[in-house]
Protein chains: 2
Amino acid sequence: MIRLGKLADYGLVLMTHIARNHDRLLHTARDLALESRLPLPTVSKLLKELLQGGLLVSHRGIKGGYSLARKPREISVAEIIAVLEGPIALTECSTDISGLCDLEPCCPIKNNQRIISQAVSGALDKVMLSDLNQPLHLTTIRNARGNLVPAIGFVSGRMQ
Amino acid sequence: MIRLGKLADYGLVLMTHIARNHDRLLHTARDLALESRLPLPTVSKLLKELLQGGLLVSHRGIKGGYSLARKPREISVAEIIAVLEGPIALTECSTDISGLCDLEPCCPIKNNQRIISQAVSGALDKVMLSDLNQPLHLTTIRNARGNLVPAIGFVSGRMQ
DNA sequence: TTAAATAGTACTAATTTGGTACACTTTAAT
DNA sequence: ATTAAAGTGTACCAAATTAGTACTATTTAA
């Protein structure tokens, strides 16, 4: 399974929550922890990282809190994941940093792995935070080979 | 970083190698280990799993070995990963198996997470094993927002 | 019959990840 | 000025996952 760490998952939860309630100016770590049912230390840690990643802005001191640095439709899922888990890459080989792989000078599939990574990151670049707020509904259909493939559509009601 | 385990990475290496040399009828675990510079026990383990996943066929006994179950252009990277690491899903919530998440009955972003997972798996469904053999070349260009995005093109020479 | 190969199971070690604790800084309200 | 509520930074520990290895059984061409 291609895995996204729990922390990145939580981060998506928090960002979605802030985006969904963007009428509220500031969100404190405490409130977000309560509302998302996540432990406060973890929430604090995540908000800190999202701040450092430039996805949130903060106000310190009493009556402080966090809010989105940009509009929900201008923040991609890829960015959120990149901030919390580093650049999206499936293997060390596929990052831009050299010297991590001892086979590097002669590795014949290095570029191919990059292609795979970029396919993933390209897909996640297109999913914006605002998309996560919309009541999208996922169904599956069968393609020519008989495999189940996803189909995304809108539903009329607001999901809870 | 969205991570693919080392073993799945190795698996891609092995599959690519077999696809590249599909003129050779059978590939023994020993040969593949030598050629890929991977430890034999690990290679054996992977080939076994790829066999059980229906991606390889095997011939037992002396003069035995493995070969592809289908043509390289009919095996997707998504399938290989799914065989080695289970169904592609970024979090437990996004698999089809219910009951893994205690927030499930009221989790407002469950479907959204599915969408994210499907974006990834949809992207990897389109990358076939045969694509990994082609001398594709990856470059980056800047998009409207000034971010680097991937661009894939063909190169004239065969890379080694 | 033998040797070379795959097939299956179980275990151990290493790494990564998740989570927590604690001390420091900032700032609105009193 | 003081206080209390909030964010900020660092360091550390525990748990879960993953990687890797060893060993045994089975199959089959020569």
Side-chain angles (χ1 to χ4, degrees), chain A residues 1-14 18 24-34 36-67 69 81 83-86 89-92 100-101, chain B residues 1-14 18 24-34 36-67 69 81 83-86 89-92 100-101:
Chain A
M1 184 192 308
I2 289 187
R3 254 187 86 252
L4 189 64
K6 269 192 191 179
L7 290 176
D9 186 18
Y10 295 166
L12 286 168
V13 172
L14 294 174
I18 298 174
R24 203 192 309 170
L25 271 317
L26 292 175
H27 298 256
T28 68
R30 191 169 170 278
D31 288 347
L32 288 169
L34 251 39
S36 61
R37 303 205 214 165
L38 260 22
L40 176 57
T42 301
V43 170
S44 291
K45 187 182 192 175
L46 288 169
L47 292 172
K48 201 187 310 172
E49 289 171 19
L50 291 166
L51 172 74
Q52 291 170 337
L55 265 29
L56 294 176
V57 290
S58 68
H59 293 279
R60 296 174 67 148
I62 196 168
K63 296 276 179 187
Y66 295 92
S67 56
I81 293 173
V83 163
L84 295 177
E85 308 220 322
L90 297 181
T91 63
E92 279 130 4
L100 288 172
C101 172
Chain B
M1 185 192 308
I2 288 187
R3 256 187 84 253
L4 190 64
K6 270 193 192 177
L7 291 175
D9 188 17
Y10 296 166
L12 286 168
V13 172
L14 294 174
I18 298 174
R24 202 191 308 170
L25 270 318
L26 291 175
H27 299 255
T28 68
R30 191 170 168 277
D31 288 347
L32 288 169
L34 251 39
S36 61
R37 304 205 214 165
L38 260 22
L40 177 57
T42 301
V43 170
S44 292
K45 188 182 189 175
L46 287 169
L47 292 172
K48 201 186 311 170
E49 288 172 19
L50 291 166
L51 172 75
Q52 290 171 338
L55 265 28
L56 293 176
V57 290
S58 70
H59 293 278
R60 297 175 67 148
I62 198 169
K63 296 276 180 187
Y66 295 91
S67 57
I81 294 173
V83 163
L84 295 176
E85 309 220 323
L90 297 181
T91 63
E92 279 132 3
L100 290 171
C101 172

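Chain identifiers are assigned alphabetically (A, B, ...) following the order of the sequence lines, protein sequences preceding nucleic acid strands; residue numbering begins at 1 within each chain.
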| request: State whether Gln52(B) places a side-chain N or O below 4.0 Å from either non-bridging phosphate oxygen (OP1 or OP2) of dA7(C). | output: no
| task | For dA5(D), take OP1 and OP2 only and decide whether either is under 4.0 Å from a side-chain N or O of Thr28(A). | result | no
Starting at atom [atom1] of [X], determine the distance to atom [atom2] of [N], rounded to an integer number of angstrom.
| X | N | atom1 | atom2 | value |
| --- | --- | --- | --- | --- |
| Leu26(B) | dA29(D) | CG | C1' | 13 Å |
| Asp31(B) | dA5(C) | CG | P | 7 Å |
| Leu34(B) | dA4(C) | CG | C1' | 15 Å |
| Leu46(B) | dG20(D) | CG | P | 9 Å |
| His27(B) | dA5(C) | NE2 | C1' | 15 Å |
| Leu25(A) | dG7(D) | CG | C1' | 17 Å |
| Leu32(A) | dA6(D) | CG | P | 12 Å |
| Leu40(A) | dA5(D) | CG | C1' | 12 Å |

Do you know the tightest heavy-atom contact between [X] and [Y]?
| X | Y | answer |
| --- | --- | --- |
| Leu26(A) | Lys63(A) | CD1-O, 3.5 Å |
| Gly11(B) | Leu84(B) | CA-CD1, 3.7 Å |
| Ile81(B) | Leu4(B) | CG2-CD1, 3.6 Å |

| Under a 4.5 Å cut-off applied to non-hydrogen side-chain atoms, are Leu25(A) and Ser67(A) in contact? | no
| said: Within the 4.0 Å limit for protein heavy atoms, which parts of nucleotides 18-28 of chain C are touched? Write it as a string from 5' to 3', B for base, S for sugar-phosphate only, - for none. | reply: SBB----BBBB
| note | dist Gln52(B):CD -> Ser58(B):OG (nearest 0.5 Å) comes out at 10.0 Å
| message | Test side chain to side chain contact (heavy atoms under 4.5 Å, CB included) on Tyr66(A) and Leu51(A); report intermediate values, then the result. | response | CA-CA 8 Å; Tyr66(A) 295 92; Leu51(A) 172 74; 4.3 Å; yes
Give every donor-acceptor pair under 3.5 Å between a side-chain atom in residues 38-50 of chain A and any protein atom, sequence neighbours left out.
unit_1   : atom_1 : unit_2   : atom_2 : d
Ser44(A) : OG     : Leu40(A) : O      : 3.2

| Hey, does Glu49(B) reach any base, or is it just sugar-phosphate, or nothing, if we go heavy atoms under 4.0 Å? | nothing
| said: Counting the atoms with a prime plus P, OP1 and OP2 as sugar-phosphate, which does Leu47(B) contact under 4.0 Å by heavy atoms, base, sugar-phosphate, or nothing? | reply: nothing
